[in-house]
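Here's the structure we're looking at; comments come further down.
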Amino acid sequence: MGFHPDMAKNEHLKAAKDGLDVWGDIATFAAKGYASIPDDDFPRLRWYGIYQQKPNEGHFMWRIKLPGGRVTPQQAVELAKVADKFGRGIVDITTRQDVQFHWMTIEDFPEALDRVYNRAGLYVDFACGDTPRNVCSCTLDGMLPTEMFPLGNLVQKLSDLYKAAGKELSNLPRKFKTSISTCPLHCHQPQINDLSAFGVIREDGSRGLGVMVGGGLSSTPHFAQSLRVFVPQADVQRVIPDIWYHVCCIFRDADELRYKRKRARIKFLVADKGWQWVRDELERRLGYLLIHDESIINPRGAMHTDHVGVGDQLDPRVSPADPSATARLKYVGVPVSRGRLRAEQFAAIGELAARFAAGGVAGGLGEIRLSQKQNLVLMNIDPVGLPALLKELEQIGLPAVAPAWRRSLVSCTGGQFCNLAVVETKERSREILRHLEETVGIDVPFMLSISGCANACAQFQVADIGMTGTKVLYNGQKVDAFDILMGGQMGDVPRFGREVLEKVPSPVVHQVLERVTRAYMENRIVTIEGDKESFADFSERIDDAQFQAWAQVPPREVRAPTGADAAV
Ligand code: SF4
């Protein structure tokens with residue numbers, strides 16, 4: 001790795017002081033106050049998930065990384081305490097299975113860090129910054145009766161591997177996102193990660209993982225490309241950590257990416273040099289050849305699901321080979337409106353997860369999983385207590401049985417806290433949700449995504465309906481608006497949504513969504529067997545003009561010329 005003065009500004013910062021080295025300064029900043037933080041150290045604080053909050057006048061967002069979205073009941077209660085004491089009671093679930101707190105001050109961090117590291121047993125190293133980020137997985141990883149084979153604790157192991165690497169991997173050209181699962185629905189979104197692995201069953205019945213690189217959304221979306229390799233089930237625990245380490249190193253060493261920050265993701269390296277180059281380079285660094293399989297191109301499936309609902313799961317106390325392993329326990333998925341919880345709700349979830357798990361609190365089987373669709377799942381629930389659990393969930397304002405929209409809507413942080421936002425998202429999402437729940441029922445897996453800007457934290461390009469923030473003139477005022485994309489999907493025929501509606505003013509966007517989704521429900525194809533056409537397929541069949549006719553977006557207003565315009 002060689003620094004060059006022509007590299008992007010952030011490279012100068014990282015060369016001057018490693019992001020991890022800000023750790024020792026946090027206590028000093030806390031003692032001396034916000035004004036004592038040097039400008040150059042604000043970006044470095046991100047290495048521990050600490051991010052300046054709009055309008056950069058003393059508050060921070062704090063991201064807690066949770067590999068695979070897994071949280072114990074005790075951890076949930078401890079995190080809720082942090083949110084309650086320091087974060088004005090807000091807990092946001094992110095699309096990468098993290099939680100985020102807002103309104104933190106620098107003075108809060110010594111105690112908050114102590115609570116997270118020493119009481120909750122979690123860590124935030126590499127929660128943000130130019131680092132390997134949270135490792136994502138299927139919400140039911142290891143517990144899904146239909147998963148192709150178990151991965152054991154591999155997700156945590158991969159996260160720990162990155163943490164242990166420390167400064168070896170603390171200066172990447174930019175962020176590096178990974179995901180791994182053997183979920184047959186590929187809900188872990190392998191095609192939009194920098195590096196991912198997904199379950200494969202080959203024609204001869206052999207099971208293993210395929211590996212992809214170079215996926216990512218933001219303003220220049222790319223789907224990941226398969227390395228056309230097969231990692232047999234028996235080799236997974238040995239080979240996958242090697243791949244996770246070495247692909248990250250290939251990215252780290254790609255100095256050519258460090259000159260333009262907007263082109264600093266591995267997706268550009270893969271696009272420029274090709275997946276074959278990545279595979280050759282990976283094998284060179286591994287010192288052994290992988291099994292090549294040209295037939296492994298895309299995961300077959302990749303549904304917009306996170307297993308919310310009540311379902312059967314494997315019993316962790318019994319071997320998966322035992323037929324009774326599936327019948328004993330339930331998971332209970334809870335839709336979380338736009339991914340936002342109150343701290344007391346999160347604490348209550350922790351308490352319920354412990355109390356209603358098989359064996360009760362003493363049994364120690366309580367567990368919560370946060371999903372990439374910003375929902376949560378209570379694991380290992382004893383079926384006997386299920387009716388009481390459902391009732392108590394309702395009492396805390398988190399009913400497990402709710403209109404499908406609630407689990408379908410994904411919303412980024414937006415204008416309330418995010419410096420990059422063009423529009424507000426969380427409150428708008430609440431209004432949209434309320435309206436759609438009252439007016440249109442949906443009965444298929446669906447993703448409605450609301451992003452405050454083109455950075456796509458809510459993944460709008462792969463949603464059935466994806467919205468990204470803009471501005472427009474409406475009733476003579478400049479207001480928040482959304483460009484609306486339709487028909488994004490992942491899986492064997494991946495495609496990004498196409499922009500169908502432009503600059504829909506936010507005061508009417510809920511009605512536009514109602515009209516479009518109602519049209520889908522009324523005009524989709526349903527086979528005599530009852531199979532329903534997906535919204536993505538429907539969008540391929542319906543042209544823009546028809547969607548626009550259904551949508552009835554108000555005509556675009558043009559600002560009347562002013563004297564200043566005339567002078568120009
Ligand atoms: Fe902020 Fe844009 Fe990401 Fe939303 S999509 S959280 S507005 S950067």
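Basis for what follows: all heavy atoms, side chains included, without hydrogens, waters or symmetry-related copies. We count ligands from 1, going down the list as the structure has it; atoms in each ligand are counted the same way.
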| What are the protein N/O/S atoms, named by residue and atom, that sit under 2.8 Å from atom 3 (Fe) of ligand 1? | Cys457 SG
| said: Is it the case that atom NZ in Lys17 sees more than 12 heavy atoms from other parts of the structure closer than 6.0 Å? | reply: yes
Side-chain donor-acceptor pair present, [X], [Y], cut-off under 3.5 Å:
X: Trp47; Y: Ser170; result: no
X: Gln459; Y: Gln189; result: yes
X: Thr131; Y: Tyr162; result: no

| query | Under the side-chain contact (heavy atoms from CB on, under 4.5 Å) criterion, do Leu433 and His510 qualify, and how do the steps go? | reply | CA-CA 8 Å; Leu433 204 50; His510 57 294; over 6 Å; no
| request: Compute the centroid of each ring, for Phe223 and then for Phe496, and state whether the two points are separated by less than 6.0 Å. | output: yes
